[in-house]
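This report refers to the structure that appears directly beneath it.
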Amino acid sequence: PFSVQVDPGQRHGRAGGVYTWEEVQSHCNRNDQWLVIDRKVYNITQWAKRHPGGIRVISHYAGEDATEAFTAFHPDLKFVRKFLKPLLIGELAATEPSQDRNKNVRSDFHTLRAKAEREGLFQARPLFFCLHLGHILLLEALAWLIIWIWGTSWTLTFLSAVMLATAQLQAGWLQHDFGHLSVFKKSSWNHVLHKFAIGHLKGASANWWNHRHYQHHAKPNIFSKDPDVNMLHVFVVGATQPVEYGIKKIKYMPYHYQHQYFFLVGPPLLIPVYFHIQIIRTMISRHDWVDLAWSLSYYLRYLSPCLVLPCIRFLESNWFVWVTQMNHLPMNIDHDKHQDWLSMQLHATCNIEQSPFNDWFSGHLNFQIEHHLFPTMPRHNYHVVAPQVRALCEKHGVPYQVKTMWRGLADVFMSLKNSGDLWLDAYLHK
């Protein structure tokens with residue numbers, strides 16, 4: 001289904017040619033895209049439209065060296081390289097450097113990844129994921145049994161809603177594992193289980209998630225490339241955007257009180273409504289009927305007399321938003337600086353201290369740094385590779401931040417407050 005046909009007349013380059021970075025970087029618009037992988041130059045103009053991960057994630061690397069991203073996202077490199085062959089148009093000239101500015105960082109990171117592969121850290125433990133799925137199904141079953149046997153009093157309804165919200169969040173972490181191809185060796189098995197987990201257990205679309213989430217990993221905290229920092233004029237984030245908005249006199253919804261708005265209103269009000277409307281709209285517009293069928297099965301499961309779904313969504317959305325944002329929102333958010341893979345990921349992510357509770361509560365995304373560096377690594381191995389990543393960062397002077405859970409949550413609040421203050425100052429005085 002992903003065969004590649006490239007018209008030689010549309011290559012805009014000589015087959016087997018030798019190119020400079022200036023030539024490669026000139027092909028970075030929507031209708032003309034080249035990129036570099038292992039110093040080989042590829043014309044992805046036509047392929048980008050058919051890329052299984054979506055057109056945007058691969059287009060974000062047009063005119064750039066995509067070697068690190070290519071390696072990070074594809075667990076079976078031998079298989080995916082077959083699709084690169086028809087796209088090959090040449091290579092970089094011998095006098096051209098690799099685009100990554102810090103060769104030593106890149107070399108040491110390659111060594112670390114190779115060591116992790118030799119140690120089997122990219123091999124999943126089936127029992128871990130079976131037990132995780134089992135506890136999700138158990139929570140759901142117990143919640144419905146409580147209502148079935150003892151009725152729908154306010155206390156029992158709330159208890160059931162808490163249990164179902166917990167199951168929903170844990171299902172979210174599980175679909176995240178399948179979506180990153182970190183459970184099974186065969187990508188096809190991950191894709192099938194991903195559709196089940198995100199569709200039937202979460203009511204969302206696997207394709208929608210893939211196309212958005214891989215952009216976040218490819219260019220984290222980068223405006224116009226990471227959809228997670230596209231706040232649609234509801235919030236301003238980081239230190240650059242609020243100043244730009246303020247100078248241009250662009251207003252956003254809660255003004256400089258956004259930290260209070262986020263804390264009191266944002267997650268419970270915006271996330272559930274926007275989330276489901278956008279997902280269903282996207283699935284229909286793309287004729288994604290398989291994902292739509294899975295999602296409808298989710299909604300039918302929660303059509304009950306007690307109407308616990310709004311309460312579940314209220315609890316889950318708060319849990320999800322605070323956990324996912326504490327690793328990213330307080331970090332550097334800016335325009336693309338074209339950094340090497342390690343530096344780009346470390347400037348956009350931080351870790352939360354390890355403990356059995358933190359691991360479970362966050363789906364092991366308290367190891368956000370390791371997850372971003374090695375997105376296909378099973379999460380139960382993050383704690384093994386973390387000390388090695390930290391040592392590598394210390395060697396090259398790359399900041400490696402680890403916070404307590406409470407510090408991480410407080411930093412979300414403070415970062416929004418600081419961004420709001422920057423906007424107000426720029427709006428009034430610049």
Side-chain angles (χ1 to χ4, degrees), residues 67-75 77 100-129 131-132 173-174 176-177 180-183 185 216-218 220-221 323-332 339-412:
T67 304
E68 302 291 350
F70 177 79
T71 304
F73 294 145
H74 300 103
L77 293 177
D100 286 344
R101 292 168 175 79
N102 196 328
K103 294 181 179 179
N104 293 331
V105 170
R106 183 173 181 175
S107 176
D108 286 351
F109 180 70
H110 282 181
T111 302
L112 173 58
R113 182 181 179 89
K115 181 182 178 184
E117 290 174 347
R118 289 194 305 271
E119 293 176 353
L121 298 185
F122 287 88
Q123 302 300 315
R125 296 202 301 266
L127 181 61
F128 173 89
F129 293 103
L131 291 174
H132 189 78
W173 306 144
L174 182 62
H176 182 263
D177 297 319
H180 276 294
L181 314 178
S182 63
V183 181
K185 290 183 179 180
H216 162 68
H217 273 268
N221 281 13
V323 166
T324 56
Q325 293 307 310
M326 66 183 177
N327 298 108
H328 290 298
L329 203 61
M331 304 302 291
N332 184 58
Q339 296 174 299
D340 63 87
W341 181 257
L342 181 76
S343 301
M344 178 179 67
Q345 301 296 347
L346 267 293
H347 281 99
T349 57
C350 67
N351 280 2
I352 301 299
E353 289 180 345
Q354 182 191 19
S355 71
F357 174 78
N358 286 355
D359 292 350
W360 173 84
F361 187 77
S362 66
H364 289 84
L365 294 182
N366 49 328
F367 289 99
Q368 192 73 221
I369 292 172
E370 288 68 33
H371 171 57
H372 267 255
L373 291 176
F374 310 106
T376 60
M377 180 180 287
R379 55 174 153 132
H380 52 67
N381 289 330
Y382 292 158
H383 74 282
V384 180
V385 77
Q388 302 173 52
V389 173
R390 188 166 192 165
L392 176 62
C393 291
E394 290 176 353
K395 176 181 178 180
H396 294 285
V398 179
Y400 184 102
Q401 293 192 39
V402 181
K403 305 176 182 178
T404 65
M405 177 76 75
W406 295 114
R407 181 72 261 170
L409 296 174
D411 282 351
V412 173

Could you walk me through whether F129 and L174 pass side-chain contact (heavy atoms from CB on, under 4.5 Å), step by step?
-> CA-CA 8 Å; F129 293 103; L174 182 62; 4.1 Å; yes
For the residue pair L392 and F109, what are the closest heavy atoms and their distance?
-> CD2-CA, 4.0 Å
Contact check, side chains of M405 and M326, non-hydrogen atoms, under 4.5 Å = yes
How are the rings of F367 and Y382 set to each other: parallel, tilted or perpendicular (split at 30° and 60°)?
-> tilted
H132 and R379: side-chain contact (heavy atoms from CB on, under 4.5 Å), yes or no, with the steps?
-> CA-CA 12 Å; H132 189 78; R379 55 174 153 132; 3.2 Å; yes
Separation between CZ (F122) and CZ (R113), nearest 0.5 Å, reads 4.0 Å
Are side-chain N/O atoms of H372 and H216 paired as donor and acceptor at under 3.5 Å?
-> yes
Is it true that R106 and E68 have a side-chain N and a carboxylate O under 4.0 angstrom from each other?
-> yes
d(D340 CG, T67 OG1) to nearest 0.5 Å is 12.5 Å
Given C393, which of V105, I369, L346 fulfils the side chain to side chain contact (heavy atoms under 4.5 Å, CB included) condition?
-> L346
Is any side-chain heavy atom of V385 less than 4.5 Å from a side-chain heavy atom of K115?
-> no
Does the ring center of H380 lie less than 6.0 Å from the ring center of F128?
-> yes
Can you tell me if H364 and H383 form a side-chain donor-acceptor pair at under 3.5 Å?
-> no
Evaluate the side-chain proximity of P378 to R125: yes if any heavy-atom separation is below 4.5 Å, no if none is.
-> no
Which is it for M331 and T349 under the side-chain contact (heavy atoms from CB on, under 4.5 Å) test, yes or no, and what are the steps along the way?
-> CA-CA 6 Å; M331 304 302 291; T349 57; 5.6 Å; no
Pick from N351, N327, I352, N366: which one makes a side chain to side chain contact (heavy atoms under 4.5 Å, CB included) with K403?
-> I352
Going by heavy atoms in the side chains, are H217 and H371 under 4.5 Å from each other?
-> yes
Once you round to the nearest 0.5 Å, how far does CG of L329 lie from CG of N221?
-> 8.0 Å
